[in-house]
Amino acid sequence: MARDLAIDLGTANTLVYMKGKGIVLNEPSVIALNRQTGEVLATGREAWQMIGRTPGYIVAVRPLRGGAITDFEITERMIRLLLQRVGVSRFTRPKVVICVPSAITEVERRAVTDAARRAGAADAQLIEQPMAAAIGADLPIDEPVGNMVIDIGGGTSETAVISLGGIVALEAVRVGSFDIDAAIQAYVRREHGIAIGERTAEEVKVAIGSASPTEDESQAEVRGRDLMTGLPKTVVLTPEEVRFAIDDVVSSITASVVRCLAKAPPELAQDFLSRGMYLVGGGGLLRGLAQRIEKETNVPVRMSNMPLEAVVMGAGHCIEHYDALKGMFMGARR
Amino acid sequence: MTVLFISLVVLAAVGFYWYGRRRHHQEPGVASFQRHIDALSSERRRESFERVRPPMHDDDYDDETGS
């Protein structure tokens, strides 16, 4: 008998929670394929290490962009391999709860559930990421008080106001950590005339990226290919440059938080002043982001204890109490 | 007199039946909402989270990019 699963199918990472066991898998959402035969060569961390470093016949891709499936067939194969790795076979078909961005369309929703069913799930239910994040972050969402959660993932940023076990207000933008990396890549190309890969851009973001000035700022050396000569070249980036490069993306995220605050009923809005908002998701780890949001909203911002695992832990709790919480699944409310 | 008595008994029976049905119809909603809220309580969540092993952290790659 297969144990039921909760999956956080993120643009950046995929986490799997097994009922009664906890998180059993945490890997990048990447798959490497042989371009000629279509054969899967690697998934997860192994495939992630291949990004940008493969020979012509191998392609390492992220089958999700902006939280949505961009390649249905590859996503299905990736889910099938992930399920196999956690012990699912054709004879053991578990119930699966999958976390998805709240803004996905009906077609995208169907694509995710179909991919999971074809990959071996007996039943696939979807839950909105901010709701799962609020459960996983241990916010008191069972009480009649305003809880605000900001989930910044690889491809989406979602802000939700939750009270009495339901979403009261929601705002989502298809902008996330990968857009920050892309903005750094574009800036370095434009201003310094060198091309850098997405992994290098990510390293720059982690090393010196910030949304507002912070203490202990330092510069970073970036190596890439000179666009004029085609030769390797090194340039030095300052934190101010990176802040300037990513400002549009950060502004887009903070603007969505402000829009969500404006949608909240006044009775709940006053709770935020005392209780604050909670940041989850890998994008929330960007230095100075909490301070930037706090400055623009005048509402305290706190970091969740488990920003990277909150979503899958929340979905895992729904798997543990499946019957009591099945009303929260996306199909159940329509 | 008998007719009046029978009418009163019938009315009372209909009243009890209607009240019973109403209660019967209301209870599942109340009960399921209570169950839903109870399952979301901090105690229930703590039970779930404490039962499972601590989350894995990987050192080989940087996972600060997103969820």
Side-chain angles (χ1 to χ4, degrees), chain A residues 8 10-13 15 17-18 20-28 45 48-49 99 129 133 135-136 138 140-142 151-156 164-165 176-178 181 202-203 205-206 280-283 285-286 306-314 316-318 320-321 323-325 327-328, chain B:
Chain A
D8 175 9
T11 311
N13 296 319
L15 288 88
Y17 176 106
M18 187 177 276
K21 279 185 118 180
I23 298 173
V24 291
L25 192 137
N26 179 357
E27 297 229 322
R45 195 165 306 120
W48 178 82
Q49 281 163 346
C99 310
Q129 278 166 354
I135 299 171
D138 205 16
I141 56 168
D142 56 318
D151 178 16
I152 303 172
T156 55
L164 278 173
S177 295
F178 285 134
D181 301 344
E202 185 191 338
E203 282 164 16
K205 175 187 72 185
V206 172
V280 300
L285 297 172
L286 179 71
M306 298 188 300
L308 299 168
E309 295 93 1
V311 172
V312 82
M313 289 301 281
H317 181 73
C318 294
E320 301 283 353
H321 296 269
D323 287 328
L325 296 176
M328 295 179 102
Chain B
M1 191 66 185
T2 314
V3 174
L4 186 69
F5 178 73
I6 291 169
S7 306
L8 279 174
V9 169
V10 169
L11 264 176
V14 168
F16 276 121
Y17 175 73
W18 177 78
Y19 178 70
R21 260 182 72 100
R22 204 167 148 247
R23 264 192 69 185
H24 186 73
H25 277 287
Q26 268 184 354
E27 268 179 358
V30 173
S32 74
F33 182 68
Q34 284 302 332
R35 217 169 53 237
H36 176 93
I37 292 297
D38 181 55
L40 287 175
S41 67
S42 285
E43 293 76 42
R44 291 282 167 283
R45 278 185 278 172
R46 216 157 293 142
E47 279 169 24
S48 289
F49 300 156
E50 278 170 11
R51 208 168 50 230
V52 300
R53 67 181 181 204
M56 301 182 308
H57 287 283
D58 300 304
D59 300 320
D60 326 345
Y61 77 102
D62 205 324
D63 55 1
E64 289 193 4
T65 43
S67 60

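Reckoned from all heavy atoms, side chains included, excluding hydrogens, waters and symmetry mates. Computed from a predicted model, the values in this text were never measured in an experiment. Letters go in sequence order (proteins before strands), and every chain restarts at 1.
By the side-chain contact (heavy atoms from CB on, under 4.5 Å) test, B:V14 is found to be paired with B:V10, residues two or more places apart in sequence or in another chain being considered. Applying the salt bridge (Lys or Arg N to Asp or Glu O under 4.0 Å) rule to A:E320 yields the partners B:R51; only residues at least two apart in sequence or on another chain are considered.
Residue A:L164 touches chain B through both its backbone and its side chain, counting heavy-atom pairs closer than 4.5 Å.
Within the structure, salt bridge (Lys or Arg N to Asp or Glu O under 4.0 Å) contacts touching residues 6-19 of chain B (residues at least two apart or in different chains) do not occur.
Using a cutoff of 4.0 Å between basic side-chain nitrogens and carboxylate oxygens, B:R46 and A:D138 are scored as salt-bridged.
Of all residues spanning residues 35-42 of chain B, those with a heavy atom less than 4.5 Å away from chain A's heavy atoms are B:R35, B:H36, B:I37, B:A39, B:L40, B:S41, B:S42, arranged by number.
Summarising the geometry, atom CD1 belonging to A:I135 is positioned 10.0 Å from atom OG belonging to B:S48; distances are rounded to the nearest 0.5 Å.
Contact check for B:R45 versus A:M313: no side-chain heavy atoms found under the 4.5 Å cut-off.
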